[in-house]
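Order of the sequence lines fixes the chain letters, A, B, ..., with proteins taken first and strands second; residue numbering starts at 1 for each chain.
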Amino acid sequence: MPELPEVETTRRGVEPLVVGKRLRSIVVREPRLRWPVSLPDSLPGQRLLSVTRRAKYLLFVFEEGVLILHLGMSGSLRVLPDETPYLKHDHLALIFEGERSLRLHDPRRFGSAHWQPVDAGGEALEAAGRHRLLSGLGIEPLDPAFDGAYLKTRARGRRLAVKNFIMDGTVVVGVGNIYANEALFLAGIRPTVQAGRVSLAGYEVLSRRIREVLGSAIQMGGTTLRDFVNQDGNPGYFRQVLNVYDRAGEPCPLCGQPLKGIRLGGRATVYCSKCQRAQGFRP
DNA sequence: ACTGGCTCCTGAGGGC
DNA sequence: TGCCCTCAGGAGCCAG
């Protein structure tokens with residue numbers, strides 16, 4: 001379940017290994033991902049110009065279009081010599097010049113791969129942004145324009161739980177279940193409060209915490225030993241730095257009271273009923 | 001316009 | 001030890 005920090009770490013790990021290289025061939029070993037994988041015959045022969053990211057989508061910008069990859073919740077990428085045997089669940093391989101093979105490994109197949117062509121002279125990322133999977137996405141959490149005022153405006157009149165609200169990708173992208181739980185804990189806001197009832201001050205703290213928790217996880221990803229060339233393309237979580245996620249019943253790190261575990265929108269939700277209140281109170 | 005629920009899939013983990 | 005069962009989760013989609 002790569003969250004945004006893992007996707008960004010993957011991007012940074014893979015980019016220097018393949019950017020600038022020409023694609024030789026594609027192997028689709030299992031087209032049945034979340035949507036059937038269908039890539040054009042014109043893709044081999046194109047040079048890879050850059051690897052960027054929008055939300056949890058990785059964008060491989062080629063000369064004539066953009067390959068849009070999503071890692072779902074069990075996907076990972078590795079770059080290996082082409083002669084390396086395939087593993088079970090290696091569904092897609094992009095073989096670049098120099099016999100480097102970029103492989104998508106995804107046991108649960110919630111991931112996806114799409115091709116978005118770019119007209120000659122057109123701007124690739126703009127074109128990718130028009131893809132149906134990307135066109136409705138909200139702001140990036142690390143964008144400076146993502147702040148309390150933005151969240152407050154978007155939350156006006158909305159009655160869903162604030163946790164579900166910040167996990168809504170049309171509002172802000174990349175806030176998965178783990179980091180939603182963590183950010184709400186750090187902000188002192190109870191996950192079940194209606195989004196429209198959280199104050200501007202509450203959203204100012206929350207937006208800052210979201211940025212911090214995602215930003216520091218990306219930093220950690222950069223400093224954690226993670227090898228995209230050998231076996232370990234699969235980023236692990238940093239459970240030791242998580243305050244509440246997967247810790248229902250354990251003592252609250254702040255007050256010691258047992259953390260409460262509930263389900264919200266079908267997702268595991270953990271919070272401290274003493275430290276997390278309707279408006280939050282931690283600056 | 002909103003909201004909550006369903007869905008895809010496999011591996012991990014619990015129970016016995 | 002080993003088998004069987006349950007369940008988690010990203011996010012698009014749909015029904016109410």
Side-chain angles (χ1 to χ4, degrees), chain A residues 1-11 29-38 53-59 68-77 86-92 104-114 116 128-141 151-183 191-198 210 214 217 231-237 239 242 244-249 261-270:
Chain A
M1 46 191 121
E3 295 242 9
L4 185 124
E6 284 80 10
V7 176
E8 177 60 20
T9 299
T10 295
R11 188 194 71 73
R29 303 180 72 238
E30 172 55 88
R32 295 174 304 166
L33 301 189
R34 173 145 195 204
W35 291 281
V37 176
S38 172
R53 178 186 62 73
R54 173 71 172 107
K56 293 180 188 171
Y57 292 95
L58 288 168
L59 308 178
I68 303 170
L69 281 191
H70 197 288
L71 300 179
M73 58 166 289
S74 62
S76 60
L77 294 178
Y86 285 100
L87 300 175
K88 189 180 179 185
H89 306 305
D90 278 350
H91 304 314
L92 176 66
L104 172 66
H105 179 87
D106 184 7
R108 292 188 190 175
R109 294 195 270 122
F110 282 13
S112 64
H114 289 85
Q116 171 76 354
R130 273 183 257 115
H131 192 278
R132 68 178 178 93
L133 293 176
L134 305 187
S135 62
L137 292 177
I139 194 171
E140 289 282 332
L151 283 179
K152 183 64 185 168
T153 301
R154 292 296 304 267
R156 188 152 298 139
R158 299 199 57 180
R159 309 179 70 135
L160 80 171
V162 63
K163 175 164 177 271
N164 296 343
F165 172 68
I166 61 172
M167 290 179 70
D168 177 350
T170 68
V171 174
V172 54
V173 301
V175 184
N177 195 38
I178 294 177
Y179 295 108
N181 278 297
E182 294 298 312
T192 52
V193 183
Q194 289 184 0
R197 305 186 85 95
V198 174
I210 288 172
L214 291 171
Q231 69 282 9
D232 181 20
N234 206 349
Y237 289 105
R239 191 179 192 275
L242 299 177
V244 293
Y245 182 78
D246 200 29
R247 294 189 187 279
I262 61 170
R263 294 195 71 79
L264 210 47
R267 309 271 187 290
T269 302
V270 188

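In the set B:dC9, B:dG11, C:dA11, the nucleotide with an atom closest to the side chain of A:Pro107 is B:dG11. Across B:dG11, C:dG10, B:dT3, the shortest atom-to-atom separation from the side chain of A:Lys56 is found for C:dG10. Checking B:dT3, C:dG12, B:dG11 against every side-chain atom of A:Arg159, the shortest atom distance belongs to B:dT3. Listed nucleotides B:dT10, B:dC2, C:dG12 differ in distance to A:His89; the shortest reach to its side chain belongs to B:dT10. Comparing C:dA11, B:dC9, C:dG12 against the side chain of A:Arg109 picks out B:dC9 as the nearest. Nearest nucleotide to the A:Tyr245 side chain, out of C:dG10, C:dG9, B:dT10: C:dG9. Taking only side-chain atoms of A:Arg158, from C-beta outward, the nucleotide of C:dG12, B:dG4, B:dC2 with the closest atom is B:dC2. Taking only side-chain atoms of A:Arg108, from C-beta outward, the nucleotide of C:dG9, B:dT3, C:dG12 with the closest atom is C:dG9.
Under a cutoff of 6.0 Å and an axis angle of 45°, A:Arg158 and A:Phe165 do not form a cation-pi pair.
Rounded to whole Å, the distance from CG on A:Leu58 to P on C:dG10 is 16 Å. In this structure, the CD atom of A:Glu3 is 8 Å from the P atom of C:dA11, given to the nearest Å. Across the protein-nucleic acid pair, A:His131 atom NE2 and C:dA11 atom P stand 15 Å apart, rounded to whole Å. Nucleotide C:dA11 holds its P atom 9 Å from the CG atom of A:Leu137, rounded to whole Å. Between A:Phe110 atom CZ and B:dT7 atom C1' there is a gap of 8 Å when expressed in whole angstrom units. Whole-Å rounding puts the A:Arg267 CZ to B:dT7 P distance at 14 Å.
Partners of A:Arg156 under the salt bridge (Lys or Arg N to Asp or Glu O under 4.0 Å) rule, at least two apart in sequence or in another chain, do not exist in this structure.
Within 4.0 Å (heavy atoms only), A:Leu71 reaches no atom of the nucleic acid at all.
What you find for A:Ala55 and A:Leu137 is that their closest heavy atoms are CB-CD1, 3.8 Å.
Side-chain contact, A:Lys163 with A:Thr192: no donor N or O sits under 3.5 Å from an acceptor N or O. Using modelled atom types, one finds a donor on one side chain and an acceptor on the other under 3.5 Å when comparing A:Asp90 with A:His105.
Residues A:Pro5 and A:Tyr179 have side chains in contact (heavy-atom distance under 4.5 Å, counting atoms from C-beta outward). Between A:Arg109 and A:Arg34 there is no side-chain heavy-atom pair separated by less than 4.5 Å.
Remark: A:Arg132 is in phosphate contact with C:dC13, judged by side-chain N or O atoms under 4.0 Å from OP1 or OP2. Within the structure, a side-chain polar atom (N or O) of A:Tyr57 is placed less than 4.0 Å from OP1 or OP2 of C:dG12.
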Protein and nucleotides 2-4 of chain C: nitrogen or oxygen contacts under 3.5 angstrom:
none

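Residue-to-nucleotide proximity on DNA chain B shows that, of A:Arg156 and A:Gly266, the 5′-proximal contact is made by A:Arg156.
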